[in-house]
Amino acid sequence: MFPKLQFVKLFFVVLTVLSGCAEKIATAPNKPTQDAHLALGNPSGAGTSFENYLLEKPQYSLSYNNYRGTPNWVSWHLSSAWIGDAPRQDNFRADNTLPANFYKVVTTDYTGSGFDRGHNCPSADRTLTAEDNSSTFLMTNMMPQAPNNNQRTWASLESYCRKLVDEGNELYIIMGSYGKGGEGSNGFKQTIANGKITVPNRIWKVIVVLPIGIDDVNRVTTETRVIAVDTPNFNTVNSSWANYRTTVDAIEAKTGYDLLSNVSVAVQAVIEARVDEGPTQ
Ligand code: MN
Ligand code: MN
């Protein structure tokens with residue numbers, strides 16, 4: 001009996017060591033994961049109101065404005081854990097998860113307006129599954145965007161974000177729009193769809209760049225790269241997003257939001273006052 005008991009003990013020791021290793025592998029700092037979209041904060045304190053309604057989806061979180069027919073902002077985590085082979089679904093459609101008394105924008109509301117159905121969270125950032133990609137085509141993720149802003153300036157900023165991911169980073173991206181009136185391919189407009197959708201005047205994005213790791217919010221320091229961009233929603237927009245780099249503080253002043261609010265106030269004070277001067281492609 002005695003040697004048998006020793007074997008059983010040895011077996012459990014080996015098991016404990018192995019499971020310890022498995023735990024270490026699971027939390028290895030260089031393994032990309034899908035993390036919480038609002039880890040760095042809820043910029044407008046979105047909740048249940050008509051003009052600041054919080055929608056949390058597996059793929060992104062947003063504040064919806066029923067008076068504007070657009071999101072105020074959309075926030076999402078981006079790492080290679082979100083990227084796969086799913087093709088572009090192109091299934092623009094109303095978001096029926098909005099409350100019953102909200103207007104649900106439909107894809108034809110944009111027809112002939114001269115503005116693109118501009119994604120906030122881009123299709124190409126959500127390609128792990130067809131369902132993930134499909135979620136980006138909900139109309140609650142769209143705003144009327146001048147075609148040159150969408151297809152040139154914004155497209156190159158979006159691909160630069162994915163390049164940062166390819167280089168071993170994970171990103172927290174917050175994007176939004178504000179103001180009224182822009183110029184698409186059919187001229188200047190304040191609203192479309194008989195006033196149900198406001199054409200934003202400015203379109204902005206804030207990108208927090210971290211090397212792949214865990215406990216992200218606590219790794220944001222005064223050295224962390226933060227790219228803030230604020231562009232005009234006009235077809236005359238310059239195709240280089242680098243021309244529109246600004247500070248997070250400036251975007252906060254324009255929108256009234258507190259961006260990156262889960263980061264310590266001392267760190268926010270530094271990273272929100274700095275204009276990014278890093279590479280742009
Ligand atoms: Mn992480
Ligand atoms: Mn802030």
Side-chain angles (χ1 to χ4, degrees), residues 34-49 51-57 59-65 68 70-79 120-122 125 140-141 143 154 157-158 160-161 164-165 169-180 200-233 241-278 280:
Q34 295 186 350
D35 299 336
H37 305 305
L38 297 182
L40 303 191
N42 173 339
S44 59
T48 56
S49 69
E51 71 279 2
N52 189 23
Y53 188 84
L54 181 65
L55 274 181
E56 294 197 272
K57 301 180 186 296
Q59 297 84 5
Y60 53 87
S61 297
L62 65 84
S63 159
Y64 193 72
N65 190 323
R68 292 174 67 92
T70 67
N72 295 305
W73 52 261
V74 180
S75 185
W76 67 101
H77 175 253
L78 181 61
S79 72
N120 281 254
C121 180
D125 280 9
T140 45
N141 185 40
M143 69 196 150
W154 224 252
L157 179 55
E158 289 174 356
Y160 181 62
C161 287
L164 288 169
V165 167
N169 297 297
E170 61 183 306
L171 313 180
Y172 287 87
I173 305 173
I174 310 113
M175 167 169 183
S177 53
Y178 65 91
K180 190 174 186 180
N201 187 255
R202 308 282 302 189
I203 299 171
W204 57 270
K205 186 171 267 185
V206 169
I207 302 149
V208 177
V209 186
L210 293 167
I212 286 290
I214 56 168
D215 194 21
D216 297 333
V217 66
N218 292 313
R219 292 191 294 129
V220 179
T221 70
T222 55
E223 304 301 310
T224 298
R225 186 178 183 195
V226 177
I227 305 168
V229 175
D230 190 0
T231 66
N233 190 24
W241 61 265
N243 292 344
Y244 300 105
R245 280 188 279 193
T246 181
T247 64
V248 173
D249 281 340
I251 295 172
E252 288 184 334
K254 291 284 173 64
T255 59
Y257 304 150
D258 183 4
L259 293 153
L260 318 182
S261 60
N262 287 351
V263 173
S264 79
V265 170
V267 172
Q268 280 185 68
V270 175
I271 61 179
E272 294 187 349
R274 191 165 56 214
V275 178
D276 176 65
E277 293 176 342
T280 61

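Each ligand, and each atom within it, is numbered from 1 in the order the structure gives. In this text the structure is predicted, and so the values were computed from the model without any measurement.
- Between His37 and Tyr60, the ring center distance fails the sub-6.0 Å criterion.
- In summary, the side chains of Thr246 and Asp230 do not present any donor paired with an acceptor at a separation below 3.5 Å, with no hydrogens or angles considered.
- Residue contacts to the Mn ion (ligand 2): Leu259 brings an N, O or S atom closer than 2.8 Å.
- No other N/O/S atom of Asp258 lies as close to the Mn ion (ligand 2) as OD1 does.
- Seen from the Mn ion (ligand 2), atom OE2 on Glu272 and atom OE2 on Glu252 lie at an angle near 100° (rounded to 10 degrees).
- Centroid-to-centroid, the aromatic rings of Tyr244 and Trp204 stay 6.0 Å apart or farther.
- Metal site remark for the Mn ion (ligand 2): Ser261 contributes no N, O or S atom at a distance under 2.8 Å.
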Check the pair Trp241, Tyr160 against ring pair (Phe, Tyr, Trp, His ring centres under 6.0 Å), reporting the backbone distance first and the verdict last. CA-CA 10 Å; Trp241 61 265; Tyr160 181 62; 5.6 Å; yes
